[in-house]
Amino acid sequence: MSPIHKSGDSTLVSNYRPISLLPVMSKVLEKCVYTQLRDYYQYWNYLTPDQSGFRPNHSTTTALLKVCNDIQAGMEQGNLTGAIFLDFAKAFDTVDHGILLEKLKNSGIGDRTLTWFQSYVSDRSQYVSISGSSSLPLPVTCGVPQGSILGPLLFTIFINDLPNVCKASTVHMYADDTVIYTSKPNLPQLEAVLQEQFTDVEKWIKNNKLFLNTDKTVTMLFGTAPKLHKLQNPHLCVGTISNGMLTTVTSLKYLGMWLDPNLSFGPHIEKLSSKLYPKLGALYRNKSCLSPAVRKQIVQQMLMPAIDYGDVVYAAAPQTHLQKLTTLYNSFCRFALQCNYMTHHCDMLKQLNWPSLESRRTLHLSSLVFKSISGKLPPYLNRLLPPAAPSSYNLRSRTSTLLAIPQYKKTVARSSFSYRAPQLWNNLPDTIKSSTSLKSLKISLLTYLNTECTCKHVT
């Protein structure tokens, strides 16, 4: 086993993730079993739709879109949304083998196959190797191997029934990253429901021999700025079985994105900028060692993925926030070209053959809609993009799909995926919407977006 540092104090053992170093041949066998087990569960539609981890067509971005869209829909109704973000302690390493095998059996796995899985999880031992030094081997009495092919799927099966105990709220999971949330008109109703749900979840966790980091399991209250401003104490009171109170936070990093109570995404953009500017500064200090081609490649492969990640989620953030990223992007362009500060940003983009950030976000959102129409998005997102009623089709659009746009009135709700995605898609030319593949859609859309600059001189 090789410990990999996750985050925090590097001197604390709890901040390391144990990655199992497994033989190549065992991984080949695991892959065969994984494929059959995955296909079996897909065929019988066994896995909960509330799980986005380790599943085809699912990602952290789709999970973020679902959760944020639900919160924004609650804001449209004038509701508050309360969320509990669960933090499991060593979730993969504490899976009870007996409970796992029982859940496999209950899902329809036969006795002979169960015997194989029992052999897979039993009689393992592990030792830690650091800098050429190794510990004594110890038996593995629980957990699924991290770094294995089967481990993530087995863990998904293990926690598959967690949403069943939350009848009065919504649960969404990405592997062990779990959030429980619900929307209510006022704070007392919200706290009552969340308290009941969390008590049931704690019982489920105890019955399944898992553990929570109660100091890292937190609550967060979402709502429009006026709604939150009316509260004397915008704080969720949710207690634990051990009579402690969960901490309420005003910003939280969930699946790589910082959330704030109004879903303005200002903290996310601020933290993203503060992380990337020092990296850009380090590159500038070493620019003499880098050729133009290498500088361009560094920006594309090392810096831009951070901006592109989740841009379909934060795309409707206030322009004051988005402008910070535009300024950062222009700095990337100047570094790649080594041009002066007065060079117009459109000239830089044209020379680099790069789209603007707004065009990149349009491309990414349009690609998601195309995937949804092609059946390559999770069902929970497909349901947010229903086709428009036949009466709303005009004669010019009969050859392509039009999507229904919800009648949202509030600005924050119009920032949601269910509103922005169909609005953008419906306004695209039919020639683009009728693309036969995702690749052809991207090529057509980039050509369509690559118009002459009509903006004012912004650097």
Side-chain angles (χ1 to χ4, degrees), residues 38 41-43 45 47-74 76 170-174 255-257 263 308-317 355 358-394 396-408 413-446 448-449:
R38 180 202 61 196
Y41 285 125
Q42 286 182 350
Y43 178 80
N45 198 27
L47 296 180
T48 172
D50 301 312
Q51 173 64 265
S52 292
F54 315 117
R55 302 181 69 177
N57 302 326
H58 293 65
S59 66
T60 53
T61 297
T62 63
L64 280 164
L65 284 171
K66 168 65 164 61
V67 173
C68 291
N69 196 93
D70 287 349
I71 295 171
Q72 290 160 330
E76 171 66 18
T170 303
V171 177
H172 204 88
M173 302 180 287
Y174 189 90
L255 299 180
M257 179 161 289
L263 289 188
D308 287 340
Y309 176 73
D311 61 355
V312 292
V313 183
Y314 69 74
E358 184 178 359
S359 294
R360 293 175 78 99
R361 293 191 287 264
T362 298
L363 177 64
H364 297 157
L365 189 57
S366 302
S367 298
L368 279 179
V369 177
F370 184 86
K371 288 180 180 179
S372 176
I373 295 172
S374 305
K376 295 182 179 179
L377 277 189
Y380 57 72
L381 287 189
N382 290 335
R383 287 193 292 270
L384 298 178
L385 301 176
S391 60
S392 64
Y393 283 74
N394 58 49
R396 294 182 300 168
S397 300
R398 291 188 183 273
T399 58
S400 59
T401 303
L402 285 178
L403 301 175
I405 302 176
Q407 300 300 309
Y408 290 156
R414 293 188 175 191
S415 301
S416 65
F417 174 76
S418 59
Y419 185 90
R420 291 184 295 109
Q423 184 184 56
L424 170 64
W425 182 260
N426 291 353
N427 288 329
L428 291 177
D430 285 350
T431 53
I432 295 178
K433 289 187 287 187
S434 59
S435 299
T436 57
S437 67
L438 183 59
K439 182 178 180 180
S440 63
L441 175 112
K442 290 180 177 180
I443 293 172
S444 301
L445 191 55
L446 282 174
Y448 171 72
L449 295 171

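Between K66 and S52 the shortest side-chain heavy-atom distance does not fall below 4.5 Å. In this structure, the side chains of P355 and L446 come closer than 4.5 Å at one or more pairs of heavy atoms. Side-chain contact between K442 and L363 is present, with heavy atoms from C-beta onward closer than 4.5 Å. At a threshold of 4.5 Å between non-hydrogen side-chain atoms, the residues K371 and N57 do not count as touching. At least one side-chain heavy atom of Y380 sits under 4.5 Å from a side-chain heavy atom of H58.
Taking each heavy atom of S440 and S437 in turn, the nearest pair found is OG-O, 2.8 Å. Closest of all the heavy-atom pairs between P49 and R55 is CA-NH1, 4.0 Å. Nearest heavy-atom pair across R420 and R414 is CG-O, 3.3 Å. In terms of heavy atoms, L263 sits closest to Q72 at CD1-CG, 3.7 Å. When all heavy atoms of S435 and F370 are compared, the pair lying nearest together is O-CE1, 3.3 Å.
With sequence neighbours left out, S418 forms a side chain to side chain contact (heavy atoms under 4.5 Å, CB included) with N69, L384, P406, Y408, S416. For Y314, the ring-ring contact (aromatic ring centres under 6.0 Å, His included) criterion is met by H268, not counting sequence neighbours. Considering only residues two or more places apart in sequence or on other chains, Y309 meets the ring-ring contact (aromatic ring centres under 6.0 Å, His included) condition with none of them.
Atom CZ in R361 sits 12.0 Å away from atom CG in L424 (nearest 0.5 Å). L255 CG to T61 OG1: the interatomic distance, rounded to the nearest 0.5 Å, is 9.0 Å. Put simply, OH on Y174 and OG1 on T62 are 8.0 Å apart, with the number rounded to the nearest 0.5 Å. Atoms OG1 and CG, on T362 and N427 in that order, are 11.0 Å from each other to the nearest 0.5 Å. Separation of atoms CG (L47) and CZ (R38) is listed at 11.5 Å; rounding is to 0.5 Å.
Of the options L438, V312, L428, a side chain to side chain contact (heavy atoms under 4.5 Å, CB included) to S366 is made by L428 and by none of the others. Each of I432, L365, I373, L402 was scored for a side chain to side chain contact (heavy atoms under 4.5 Å, CB included) with W425, with one residue passing: I373.
Remark: side-chain polar atoms of T48 are not paired, donor with acceptor, to backbone N or O of Q51 under 3.5 angstrom. The main-chain N or O of T170 is never found under 3.5 Å from a side-chain atom of D50 such that the two would form a donor-acceptor pair. Checked by atom type and distance alone, the side chain of N382 pairs as donor or acceptor with a backbone atom of L377 at under 3.5 Å. S372 places no side-chain N or O within donor-acceptor distance of the main-chain N or O of L368, the cut-off being under 3.5 Å.
Within a 6.0 Å radius of CD in Q423, more than 12 heavy atoms belonging to other residues, nucleotides or ligands are found.
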